[in-house]
Amino acid sequence: MLVSMDTNIEDKDLSRIKNDCCSEAPFQKKEHQVRILTTEEAAKLQNDRELVSEFKQLKLEREAQKNWDLFYKRNTTNFFKDRHWTTREFEELKACREFEGQRLTILEAGCGVGNCFFPLLEEDPHLFVYACDFSPRAVEFVTKNPLYSEKSCRAFQCDLTKDELTDTITEESVDVATLIFVLSAIHPDKMQIAVKNIYKVLKPGGYVLFRDYGLHDYAMLRFKSGSRLGDNFYVRQDGTRSYFFTNEYLLQLFTEAGYEEVLNEYVFRETVNKKEGLCVPRIFVQSKFRKPQNRNTF
């Protein structure tokens, strides 16, 4: 599952920031502490305590795949920009080679329409990519891309919380897995199922590279009343959902699944539109977790 920006944001604002998670900004810094809210922001979150009804929440869970399929039907391949920043931010995508020219096996869990792995394949031909997504429509767009070749990638539909990756990928065969704006779309109760699923196909010493929405991100603060599903968990107007992570929550999630922490920090960014006087604070969590060489089986 690939996550869209907050569709509760007014259209005029959404058009300016919808690709922030994929493109470069003029200001960025990395921190280990969550952003401190302004008094107004803190009051808004404090006053927004009403939860979506249990009936509607169960309906959203049942229809999650349908809602993401409709998202891709509306937006086709045009919503996200290609992610050319991944090799800069995650050097493991290249650095884990044991010898020059070694062909690495990559898993992109939640590939969407291929905005991450197609640029990687163009930059580095010595990769084989398994690319899976919750949405059958997204996978169809991937396979119709002119860059798609079964010699370098295999795309398949997969629900990380239900379908075993080992049905498609050989156990302990993946060097690096990516979870980029994916886990936030999964219900918190099922997130550990997903990361354990990935654990099974990672080689000992293999990495999970993670980037997703952080607590107090602009998108979180823009949700209207009646959108809250639980702590840090919201539903957009189109029925897709988004969780906003703390690094502490993420650390617990991965270490309980057997991983070792390598890096786990907040990325603070500001997108500035000088012409219109708009400054948008974005907060992401960027992390690296490793499967131990001497590991337990889950």
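Everything numeric in this text was worked out from a predicted model, so none of it was measured.
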Any donor-acceptor N or O pair under 3.5 Å, side chains Tyr234, Arg228: no
Non-hydrogen atoms of Arg236 and Ser242 that approach each other most closely: NH2-CB, 3.3 Å
Intermediate values then yes/no, side chain to side chain contact (heavy atoms under 4.5 Å, CB included), Ile198 and Leu165: CA-CA 7 Å; Ile198 293 171; Leu165 286 168; 3.9 Å; yes
Atom of Tyr148, atom of Ala155 and distance for their closest heavy-atom approach: OH-N, 3.1 Å
Asn47 side chain to Ala43 backbone, donor-acceptor under 3.5 Å: yes
Single-linkage hydrophobic cluster, 4.5 Å side-chain cutoff, Leu121 and Val139 together: no
Test item: Arg137 side-chain N/O and Asp69 main-chain N/O as donor-acceptor pair under 3.5 Å: yes
Expected output: side-chain Tyr259 to main-chain Tyr199 donor-acceptor under 3.5 Å: yes
Minimal non-hydrogen separation, Ser287 against Leu250, with atom names: OG-CD2, 3.2 Å
Test item: Asp175 side-chain N/O and Leu104 main-chain N/O as donor-acceptor pair under 3.5 Å: no
Donor-acceptor contact below 3.5 Å, side chain Tyr72 vs main chain Phe141: no
Hydrophobic cluster identity match, Phe245 and Ile193, side-chain contacts under 4.5 Å: no
Shortest non-hydrogen contact between Met191 and Ile186, atoms and distance: CE-O, 3.3 Å
Residues, nucleotides or ligands: over 12 heavy atoms within 6.0 Å of Ile36 CD1: no
Main-chain N/O of Val129 paired with Glu108 side-chain donor or acceptor, under 3.5 Å: no
Aromatic ring pairing Trp68/Phe71, orientation class (parallel under 30°, perpendicular over 60°, tilted between): perpendicular
Residue pair Lys59 / Arg62, side-chain heavy-atom distance below 4.5 Å: yes
For His216, ring pair (Phe, Tyr, Trp, His ring centres under 6.0 Å) partners two or more places apart: none
Nearest non-hydrogen partners of Lys291 and Leu202, listed with the distance: NZ-O, 2.9 Å
Backbone N/O of Glu265 and side chain of Gln286: donor-acceptor pair under 3.5 Å: no
Contacts of type side chain to side chain donor-acceptor pair (under 3.5 Å), residue Lys151, not counting sequence neighbours: none
Test applied, side-chain contact (heavy atoms from CB on, under 4.5 Å); reference residue, Val285; option that passes from Asn264, Asp217, Thr246, Asp212: Asn264
For Thr105 against Ser173, the heavy-atom pair lying closest together: CB-O, 3.6 Å
Donor-acceptor contact present, side-chain Asn67 to main-chain Thr240, <3.5 Å: no
Same apolar cluster (I L V M F W Y, side chains within < 4.5 Å links), Leu251/Leu183: yes
Geometric class of the Tyr130/Phe128 ring pair [parallel <30°, tilted 30-60°, perpendicular >60°]: perpendicular
Between Tyr243 and Tyr213, ring centroids under 6.0 Å: no
Main-chain N/O of Val52 paired with Gln57 side-chain donor or acceptor, under 3.5 Å: yes
Ser135 side chain to Asp133 side chain, donor-acceptor N/O pair below 3.5 angstrom: no
Donor-acceptor pair, side chain of Asn197 and main chain of Asp163, under 3.5 angstrom: yes
Verify same cluster id: Leu147, Ile106 (apolar side-chain graph, 4.5 Å): yes
Partners passing salt bridge (charged side-chain N to carboxylate O under 4.0 Å, His left out) against Glu261 (at least two apart in sequence or in another chain): none
Pair Leu160-Phe134, side chain to side chain contact (heavy atoms under 4.5 Å, CB included): steps then yes or no: CA-CA 8 Å; Leu160 292 171; Phe134 191 34; over 6 Å; no
